Amino acid sequence: MENLLKNELHLEKKKRKRLSKNWKLYLSTLGVIAIGAGSGVGIYYGVQTNNNPTISANQDLVKAINKENYLKTIAIETTIEQLKNDITPNFIKDQLSENIKNQFNDQLFKLNQLTHADGSKLTNDQLMNVKAIDAVINYNYGEITNQKTKLTINVIVTDQQIVDLINDKTYEINNQSGVTIAKIENQITAEFIGKKLTGAIGNAYNQQKLTINNIVIDGQKVKNSNLIIRKTVQATIEYHYGDIKNQKTKLKIVLINKEQEIVDAIKQITYSIIMPLNTSTDEIIKQITPNFIKKQLNPKLKEFFDDNLFKFNQITINDHKLENNDLKKIGVRTSKINYNYGEITNQTTSLKIYVYTTDHQFVAAIKKASYTIKATIGTKATEIKDQITAEFINKELTGEIASSFVAKDFKFIKIKINGQELQDRDLINVSTIAAEIEYQYGTIISKINNLTIKVTSL
């Protein structure tokens, strides 16, 4: 009986050992360590970083990612959100070795953010110019968080962006009605296309990549017969750019009857000339040149204006030819320019002649006048000076000069006798004194020696 009990106890111990061992193996598959505690089984939870094969493999994979220098080429004006959408598990694992790539679990990869190498935030405006940016991918891989790997972002302009910019434009050329399609085709060059392209995308345009194929109207190639009547023709330029084929952009062909349209435009303009008083008609006629006429035309007509076709005939005022006497009064003269342009003759357009007086003309007139002041013995020098006013000066002027004299422009400075400023002692004897007035008119400082001071007895 005693032996039987011993055998049963021995079997129970073996059974318990086997159960404990199986439980430990089961827990270890869950990443949980089992330890003995007295006669029972105790457990605690924790990641096995050294012994767990799965964790160890993930750490090796992250190390491999962090050693890489990733490269991403994007089009200018890409947004940060669009760029982040491209940083996918496939993007990350494609640069890894086959060994590591095969272990990569797409579900474990999570992108946190993209930053500059110094940790500062990447912004949309930093992707608006062509350049290379040193950046960092911050990510998690499973339970391994806040990892970093290098990313070089190459911001470029794509051919498609250039094509989109070209296609968004409306090009325009101006020609005389009757122009040939051959001439228009010569105008539509790669350089012509590039002139309208601006900004970073325009700067990347490459003339060598552009091929002009056709100029069409409603799908049909433009013919000379389409270009006879004065009008605006809505056409299309068909072209290739690099590997991007069969592209289209708008072309406006403006056709004009050159000579008549230029004459019509000149007729709508009122030209003007500003001339000093007493200018001769010859001086005005010298200014009526082809350049004088065309400089006020709009850019389109200015381009077509032919200097050799313009011929000046005469200037008329009040139905008579302009004469010198018409320019002897200050004010505005409304006149007409009579001219020919090519085969179109005897045309007129308005001309306003503004006649004015210059400071030099006032100074010259003052110099020609004679001034006299009467004084008695003992008069003070200051009393003489006080008489030299704008009114005193203007009283001796005549004609248009006198009527246009501006009192506020005259400033008296001093009176001199024999080079010395007038003194009281110069006025103590009966005498006739030749004096000099120094003054300013407008911007001119001048002097005249045409002042006579007559000193008499009381």
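The structure presented is a predicted model; accordingly, all values stated were derived computationally and were not measured.
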Pairing of D86 and K72 as salt bridge, 4.0 angstrom limit: yes
To the nearest 0.5 Å, how far apart are NZ in K352 and CZ in R333? 12.5 Å
Should E421 and K385 count as an ion pair when the cut-off is N to O under 4.0 Å? yes
Kindly check if the number of other-residue, nucleotide or ligand heavy atoms within 6.0 Å of NZ (K302) is above 12? yes
Measure across V136 and A117 and return the closest heavy-atom pair with its distance rounded to 0.1 Å. CG2-CA, 3.8 Å
More than 12 heavy atoms from other groups under 6.0 Å of CG on D243: no
Enclosure of N298 CG (heavy-atom neighbours >12, cutoff 6.0 Å): yes
K395 atom NZ: more than 12 heavy-atom contacts under 6.0 Å: no
Are the side chain of Y171 and the backbone N or O of I166 linked by a donor-acceptor pair below 3.5 Å? no
Examine the side chains of D125 and T123 and answer whether a donor and an acceptor come within less than 3.5 Å of each other. yes
From the options Y356, Y439, Y441, select the one residue that forms a ring pair (Phe, Tyr, Trp, His ring centres under 6.0 Å) with F362. Y441
With no hydrogens and no angle check, do the side chains of D118 and S120 hold a donor and an acceptor under 3.5 Å apart? yes
Please confirm whether the backbone N or O of I285 pairs with a side-chain atom of Q287, one donor and one acceptor, at under 3.5 Å? no
Residues which pass salt bridge (Lys or Arg N to Asp or Glu O under 4.0 Å) with K93, listed by chain and number, not counting sequence neighbours: D106
Got a second to check how far I366's CD1 is from S446's OG, nearest 0.5 Å? 8.0 Å
Report, as yes or no, whether the 6.0 Å neighbourhood of atom CD1 on I274 holds more than 12 heavy atoms from other residues, nucleotides or ligands. no
What's the spacing between E81 CD and N124 CG if we round to 0.5 Å? 8.0 Å
Tell me every residue that passes side-chain contact (heavy atoms from CB on, under 4.5 Å) with N313, counting only those two or more places apart in sequence or in another chain. K311, N338, N340
Have a look at Q147 and tell me which of N138, N112, N66 forms a side chain to side chain donor-acceptor pair (under 3.5 Å) with it. N66
Atom NZ of K367 with >12 non-hydrogen neighbours under 6.0 angstrom: no
Would you say N167 and Y239 are linked by a side-chain donor-acceptor pair, where the criterion is simply a distance under 3.5 Å? yes
Does D60 use its side chain to pair, donor to acceptor, with the backbone of A57 at less than 3.5 Å? no
With Y339, which of F310, F292, F312, Y271 fulfils ring pair (Phe, Tyr, Trp, His ring centres under 6.0 Å)? F310
Has K101 got more than 12 heavy atoms of other residues, nucleotides or ligands less than 6.0 Å from its NZ? yes
Just jot down the side-chain hydrogen bond (donor to acceptor under 3.5 Å, both in side chains) partners of T79, sequence neighbours excluded, or say none. Q82
